[in-house]
Structures are given as C-alpha cells and as structure tokens.
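Below is one structure; the comments refer to it alone.
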Amino acid sequence: MSELGRRRRLLVLAICCMSLLIVSLDATILNVALPSIQHDLHASVSGMQWTIDAYTLVMASLLMLAGSTADRLGRRRVFVVGLVVFALGSLLCSLAPGLGWLVVFRMVQAVGGSMLNPVAMSIITNTFTEPRERARAIGVWGGVVGISMAAGPVLGGLLVQSIGWRSIFWINVPIGALALFLTLRYVPESRAPRPRRVDPVGQLLVITLLGSLTYAIIEAPNAGWTSPQILVFVMVALGSLAGLIGYERRRDEPLIDLRFFHSAPFSGATVVAVSAFAALAGFLFINTLYLQNIRGLSALDAGLYMLPMAGMTLIFAPVSGRLVGSRGPRPPLLCAGTAMGASGVLFAAFDAQSANALMFTGYVLFGIGFGLVNAPITNTAVSGMPRAQAGVAAAVASTSRQVGQSLGVAVIGAVLAGGAHATATTGAFLAAARPAWWIIAGCGAAVLLLGVVTTGRWAQETARRTAALFDDDGTRGPGATGARQ
C-alpha cells in the first residue's frame, strides 16, 4: 500500500480514537466528581450508582443496534450523528438542575455514545485488514483507554476543585467538534454488502433484561432482597433472558447472532470483557469514595493518588496489542488475570488501603492487569468473524464491556450500601469493602481461567467450525481472516 494510503489509515485511526477518548474520559472524570455531585445534589449511594449506570445501561442496550444500523446506513453517517448527540448530551449534563435531570441527560449522552465506539471499531476493522497490523491498531485503541484513565482523574480533579463538577462535561464538546470536522473531511463512508434487518423485539428484550437486572441489584439493599418489588424485577430479567434466547434462535437475521457464541474464543472474550470491566467499575467506585469521603482528600489529590493505576494501564495497553499481534491473546490474558486477581486479594486479605505502600502496589497491579486485558478482548471478538458484519461483532464486545461496568457499579455499590454505616469511619468502610474486593479478585481469576481455556487447540477448533457456519450462508466477507491464537 502506498505511503499516502498508510497515512490516511493512521489518520482514520486517530479520528476513531478521539471518540474513544471522550467516552472513556467521561467515565473516569465522572468517578472523581461523584462525591461533589453527591454533596451538591444530595444524592444517596444508589443515586450515585444511577448517574453511572443510566449511561452504561442505555449504551449497552443500544450498541448492537448502532452497529447493525451503521453496517446498513453507513458507518461514517452513524458515527457523525453519534458525535453530535454525545456532545449535546454532555452540554445538557452540565446544565442539569437536579439528580433526576442529570440521570436523564446521561441517557442522552449514552444514545450518542452507543454510535461511537462500536462503529469506530468497525471502521478500524475495515481499514486495517491485515491481522498483525489490525492487532497493533487495536493496541493503540487500547492505549487511548490508558490515556483517558491517566488524564481523567487528574483533569477531573482539577476541574472539580477549581470550577465545579459541571465543568467535567464541557471538555467533551470541543473534542467532539474537532472529531466531527475531521470525520466529515477524512473518514470514508463504508457499508456492509449484506446488512442485517432491524430486530425491534430483540432490542426490546435486551433493554428489559439489562434494565430490570440492574434495577434489582441497585435497589435491593434499600428494598430488601426478598421484597416483592425486587423479586418481580428478577423474574422479569430471567423471563427476558429466556425470551431473548428463544426468539433470537428462530430469526434468520437476529440482533444477536448466537452462532458467534459457538466460537470458544469469542464467547471467552465476551465473558472476559464483562469480568474485567466489572472489576474496573468496582475498583474506581470504591477508591473514589474511600479517598474523598474517608481519607478526606480533595478531588485533585484523589486523582493524583490513582495515577499509578492509570499510568500502568497507559504503558501496558500498547504492549498488549503487540503481544496479541506476535503471540496471540493467551499471554496477555494470563498476565492480566493474575495481576487483577492479585490486586483484589491484596485489598481484601491485607487491607491494602490502610497503608500507602500496599495501596499503591495494588493500584500498580490492577493497572497492569487492566492495561493488558483490553486488546485481546477486542482482537478475539472481531477476528475470524465475517468482516461484512464487523459492526455487529464489535458491538457485542463493546456491549459486554458496558454490561460489565453496569454490573460492577451495581454489585459493588450494593455491597457497600449493605454495610452498616459503611462511610462513617475508616474501619467500618474497610470492613464493608472487603467482600467487594473479593468480588474484584474473583473477576481477575475468571480472566485467568478463561485465558487458559479459550486459547488452546480445542478453542481454535471451535473458532474454525464457527467460521464455516458463516462460509455456508455466504456472510463471511472476502477478506476475513481467522484469529491468531
């Protein structure tokens, strides 16, 4: 390919990474601002959970729809709409007069965000078609998450401390405007040659499943786990799951192509994404409350305290991309699971938060683990799948991340809320947080186990059989390639 072609590909990658930057920055900045929002808007622990989960739930519910819509109507067109809606939602969040309005405007943000990351990943997948080059591009993509994690807490702390929490949403507007201008000028339009039809029933079942499950987890500490209200929502979630599986199996072009999950690497990547991002969401939620509410640090100081974790993510994300490109997903997955699990154990068994040296060691370990885990998730999810349906395949991986974040905040918040006077004293908080840290350690163990099981010979064979399913019905793109295992 010509040098000009290579530069154009790199520019497209940079533009797509800008969308990831604003979405990722929004998550890390918001976590630092939670105590200020709690104080200003008189929010409870569950109220803080909803400011995060209203966003991640809507995002998770719409990602697959956005991916298939982009494949049908044009990836650049949907990407442009997403940038506009996300920037508008960010502006509205900065003007929210109360907690309820903030939650609503966060949902507007999420509608735009659902059109960004999976569509951007689809653009990258169709731009970088050579497997090793694509793995490196995905490594850069993962590095942007590290940049946002490094810059988010410090930038958010500085904004919250100097201007106020509303200013954390302003930064999305100029970045979004710049990305919009560059997209219109440089990103080529692309569509799937055989896009899927809309699946409104499947979409409704996904929304019902995620919404009812998250509501039950967040509200259970207040209402009681055996209360009729919570039991009804649990039953609705289970019924939606059963209905979704049964309905999608019968459709020729489902919202979620269940054939993808015949591949052990793809299924493993989905569960790894849920586990890793649940651990991340729980990690940020616990530490934000601990550093500001218990230790009494300012938002800026709390952000600086978390730099060791963010810095390691920044360093190891591109390392992971290179490892995936040269040796496959197994090495980074094994190292990621070990590091994240060890971090959780350090906090759960040794009260690492009570001593700075242990706490920073735990931060470093978690940052290494999370930095390593992102590239193998994305690469395994999109490699070997039909490139013509890249939007849907990438959206499944992105949905898994958002589901993980929603569950992480819901479960960890419920555990903390269940502890008696968990925020009253240091000892009470540490006692209430210990089960939460064991959950995070368990998420790391799940990443480690799945890294072993889903990257061996048996897993490779399931991936080949899955690819044959798409070959049989002609949906496998002409340039699609199998994942390097």
Side-chain angles (χ1 to χ4, degrees), residues 27-28 31 142 145-146 149 264-265 267-288 290 306 308-317 319-320 323-324 329-353 358-381 397 400-416 430 433-456 459:
T28 53
N31 270 278
V145 177
M149 291 183 66
S267 298
T270 301
V271 181
V272 165
V274 172
S275 301
F277 278 78
L280 172 67
F283 182 95
L284 293 175
F285 196 79
I286 293 175
N287 279 288
T288 296
Y290 173 74
M306 296 181 69
M309 183 271 289
M312 291 300 102
T313 300
L314 175 62
I315 292 170
F316 280 88
V319 171
S320 179
L323 280 174
V324 172
R330 174 174 278 199
L333 283 177
L334 298 187
C335 293
T338 301
M340 294 173 74
S343 175
V345 170
L346 200 60
F347 284 98
F350 299 98
D351 288 335
Q353 285 171 310
L358 280 178
M359 184 170 69
F360 289 140
T361 301
Y363 286 1
V364 167
L365 286 172
F366 192 90
I368 291 172
F370 188 75
L372 289 170
V373 81
N374 214 23
I377 291 172
T378 305
N379 187 73
T380 306
S400 301
R401 292 180 173 92
Q402 297 300 324
V403 169
Q405 288 192 16
S406 296
L407 292 178
V409 171
V411 172
I412 298 302
V415 169
L416 290 178
L430 293 178
R434 192 168 292 116
W437 284 114
W438 281 120
I439 293 172
I440 292 173
C443 289
V447 172
L448 174 62
L449 178 62
L450 289 167
V452 173
V453 173
T454 64
T455 57

- Could you give all pairs that pass the salt bridge (Lys or Arg N to Asp or Glu O under 4.0 Å) test and reach residues 334-352, with sequence neighbours left out? D351-R434
Rounded to the nearest 0.5 Å, how far does [atom2] of [Y] lie from [atom1] of [X]?
X    : Y    : atom1 : atom2 : value
M309 : I368 : CE    : CD1   : 12.0 Å
R330 : L333 : CZ    : CG    : 9.5 Å
N31  : L280 : CG    : CG    : 8.0 Å
L365 : T338 : CG    : OG1   : 10.5 Å
L334 : L372 : CG    : CG    : 10.5 Å
I286 : I412 : CD1   : CD1   : 5.0 Å

- Would you check if F277 and N374 make a side-chain contact, meaning some heavy-atom pair closer than 4.5 Å? yes
Donor-acceptor pair, [X] side chain versus [Y] backbone, under 3.5 Å?
X    : Y    : answer
T455 : G451 : yes
R401 : V274 : no
S343 : G362 : yes
S406 : Q402 : yes

- Task: Mind checking ring pair (Phe, Tyr, Trp, His ring centres under 6.0 Å) for F283 and listing every partner two or more places apart, or none if nothing turns up?
- Result: Y363, F366, W437
Locate the shortest heavy-atom distance separating [X] from [Y]; write the atom from each residue and the value.
X    : Y    : answer
A273 : I377 : CA-CD1, 3.6 Å
M359 : F347 : O-CZ, 3.8 Å
G367 : T313 : O-OG1, 3.2 Å
T270 : S400 : CG2-OG, 3.0 Å
P376 : S320 : CD-OG, 3.3 Å
P265 : T454 : CG-O, 3.6 Å

- Starting from the C-alpha separation in whole Å, work towards a yes-or-no answer on side-chain contact (heavy atoms from CB on, under 4.5 Å) for L448 and M340. CA-CA 9 Å; L448 174 62; M340 294 173 74; over 6 Å; no
